[in-house]
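Below you'll find the structure, written out as structure tokens, and then a few comments.
Index from 1, following the sequence.
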Amino acid sequence: MFFDSLETRDPEQRERDLFARLPGFLAEAMSGAPALAARLEGTDPAAIRDRAALAALPVLRKSELMELQQANPPFGGFAASAALAGKHVFMSPGPLWEPEGAGSDPGGAARAFHAAGVRSGDIVHNTFSYHMTPGSFLLDAGARALGCAVFPAGTGNTEMQVEAAATLRPRVYCGTPDFLKVLLDKAGEMGKDLSGFRAGLVSAGALFPSMRAEYRMRGVDVLQCYATAEMGVIAYESAGPDGTPYPGMIVNEELIVEIVRPGTGDPVPEGEVGEVVVTGFNPSYPMIRLGTGDLSAVLPGRSPCGRTNTRIKGWMGRADQRTKVKGMFVDPRQVAEIVARHPEIRRARLVVGRAEDRDVMALHVEVEGHADAGGIETTLREVTKLGGSVVLAAAGSLPNDGKVIADERDYSR
């Protein structure tokens with residue numbers, strides 16, 4: 001039922017195991033990755049033994065990583081040339097350069113395939129692109145590590161893919177959620193039988209409930225995983241005996257996942273929406289507190305499937321809410337600075353709108369005790385260099401959607 005015994009560890013034991021490994025990994029990574037050593041200058045790796053200590057380290061966001069790579073190509077000082085020996089090198093949009101990770105399953109995808117009902121001996125039809133980017137290779141490696149054969153279909157050439165699937169009769173579809181429908185519909189037009197497909201693992205797009213239901217009606221149980229180029233599979237779905245997915249996505253075993261307030265590195269309480277920040281143990285490309293830019297939240301409790309790791313709600317949008325107001329950018333970090341200057345503020349949300357054909361903004365704040373709206377308004381102007389109002393909101397009234405900046409301008413007018 002389970003991929004291995006790690007999936008059913010006591011959560012406290014898992015936490016101890018991960019943070020027992022982290023100091024040694026961090027020390028070795030800092031010795032081999034000069035950019036990481038520079039970022040963490042003055043940090044004693046031996047002291048990073050729990051989440052509180054980890055949360056004190058800076059978050060590395062992809063925009064910053066891109067700048068570091070441009071200044072010091074190709075990897076910005078986060079990977080030594082020795083890490084490339086015998087490996088692939090990938091380019092993701094940005095561009096961002098990534099070396100392939102270590103081992104036979106560098107993206108940790110085998111676990112996600114297993115949770116989706118895939119087993120050794122299955123044939124996987126992989127429709128992710130094999131051109132430049134790492135996604136197809138991460139999932140390809142995971143499937144093969146599980147003992148599957150993989151047909152590297154890649155993207156496009158729909159009719160040829162249908163012909164191949166009709167001949168090979170793969171049991172497993174792998175790709176974006178919507179392309180499976182394209183294949184099945186095309187097979188119907190061509191009079192080809194793709195009933196061999198019984199399971200699917202999808203990513204890189206939304207698997208809408210109606211789409212999942214349609215696939216089930218057509219005989220294919222489809223689960224999804226959440227993955228990034230740098231970290232591989234971060235979390236994955238599991239299902240009951242009848243193929244019905246359980247709520248949330250289970251965090252992969254080799255990662256430490258935090259949910260932080262957008263624009264900061266501060267972890268949010270369980271259940272609150274924030275940015276997904278990931279720390280991994282990839283010696284080829286050590287990423288410590290990498291901000292994915294994606295929003296999610298922790299689900300309470302354990303999965304009914306029996307796996308005991310933390311569950312997240314899955315992808316809930318983007319955390320990068322940088323917005324142009326009156327020709328100037330306003331950043332979530334500026335909202336965080338305002339909150340830091342006013343300890344009475346518990347939550348804040350900058351709402352941008354239009355009034356009389358002009359951009360306007362209002363900072364909605366939930367406060368504890370007395371609050372000086374005029375003083376907060378002054379800070380808003382000082383930090384953003386823009387005028388705006390302050391709205392004192394009732395406790396718990398601001399939406400729990402991870403938005404620090406909400407752009408409510410009507411762009412259709």
Side-chain angles (χ1 to χ4, degrees), residues 55 58-59 61-63 257-277 289 291-300 312-413:
V59 172
R61 291 188 164 84
K62 288 194 177 184
S63 57
V257 171
E258 305 167 90
I259 307 293
V260 309
R261 186 160 288 108
T264 77
D266 304 329
V268 300
E270 184 179 279
E272 186 168 325
V273 178
E275 181 182 7
V276 179
V277 170
R289 300 201 86 200
T292 64
D294 296 322
L295 294 174
S296 193
V298 170
L299 281 176
I312 60 175
K313 289 185 177 180
W315 188 83
M316 299 177 68
R318 291 292 295 169
D320 183 4
Q321 300 157 29
R322 196 166 181 249
T323 304
K324 185 172 284 189
V325 183
K326 298 180 183 177
M328 294 179 61
F329 278 109
V330 180
D331 191 277
R333 287 175 293 185
Q334 293 173 302
V335 178
E337 183 179 344
I338 296 167
V339 172
R341 291 194 192 184
H342 293 270
E344 69 274 17
I345 298 178
R346 289 294 169 260
R347 295 181 67 195
R349 181 185 182 95
L350 186 68
V351 178
V352 181
R354 295 281 288 177
E356 298 179 354
D357 295 324
R358 292 186 305 166
D359 289 343
V360 295
M361 64 183 192
L363 184 67
H364 295 242
V365 294
E366 294 179 13
V367 299
E368 184 175 294
H370 174 73
D372 177 10
I376 298 172
E377 188 173 311
T378 298
T379 304
L380 174 63
R381 182 181 292 275
E382 288 177 356
V383 172
T384 66
K385 313 303 180 189
L386 296 166
S389 61
V390 170
V391 178
L392 300 181
S397 64
L398 296 184
N400 180 25
D401 57 6
K403 287 187 179 180
V404 175
I405 300 176
D407 189 349
E408 298 184 355
R409 290 170 288 193
D410 185 353
Y411 289 96
S412 65
R413 294 184 178 181

Between Glu258 and Pro267, is there a donor-acceptor pair closer than 3.5 Å when you use the side chain of the first and the backbone of the second? no
If we ignore hydrogens and angles and just use 3.5 Å, is the side chain of Glu366 paired with the main-chain N or O of Ser397 as donor and acceptor? yes
Show the nearest heavy-atom pair for residues Arg409 and Val325, with the distance to one decimal. NH1-CA, 4.2 Å
Applying side-chain contact (heavy atoms from CB on, under 4.5 Å), can you list everything that pairs with Lys62, at least two apart in sequence or on another chain? Leu96, Thr228, Glu230
Looking only at heavy atoms, the pair that brings Gly271 and Asn400 closest together is O-ND2, 3.0 Å
Minimum-distance pair of heavy atoms, taken over all atoms of Leu363 and Ala348: CD1-CB, 4.2 Å
Is Ser296 reaching over with its side chain to a backbone N or O of Gly314, donor-acceptor style, under 3.5 angstrom? yes
Rounded to the nearest 0.5 Å, what separates atom CD1 in Ile376 from atom CD1 in Ile345? 4.0 Å
Could you list the donor-acceptor pairs under 3.5 angstrom formed between side-chain atoms of residues 389-396 and any protein atom two or more places apart in sequence or on another chain?
none

Going by salt bridge (charged side-chain N to carboxylate O under 4.0 Å, His left out), name the pairs with one or both residues in residues 260-276, residues two or more places apart or in two chains. Arg61-Glu275, Arg261-Glu272
List in chain and number order the residues that pass side chain to side chain donor-acceptor pair (under 3.5 Å) with Thr292, two or more places apart in sequence or in another chain; answer none if no residue qualifies. Tyr226
Side chain to side chain donor-acceptor pair (under 3.5 Å) with Arg347: which residues, sequence neighbours excluded? none
Please, which pairs that meet salt bridge (charged side-chain N to carboxylate O under 4.0 Å, His left out) have at least one residue in residues 374-386, sequence neighbours excluded? Arg341-Glu382
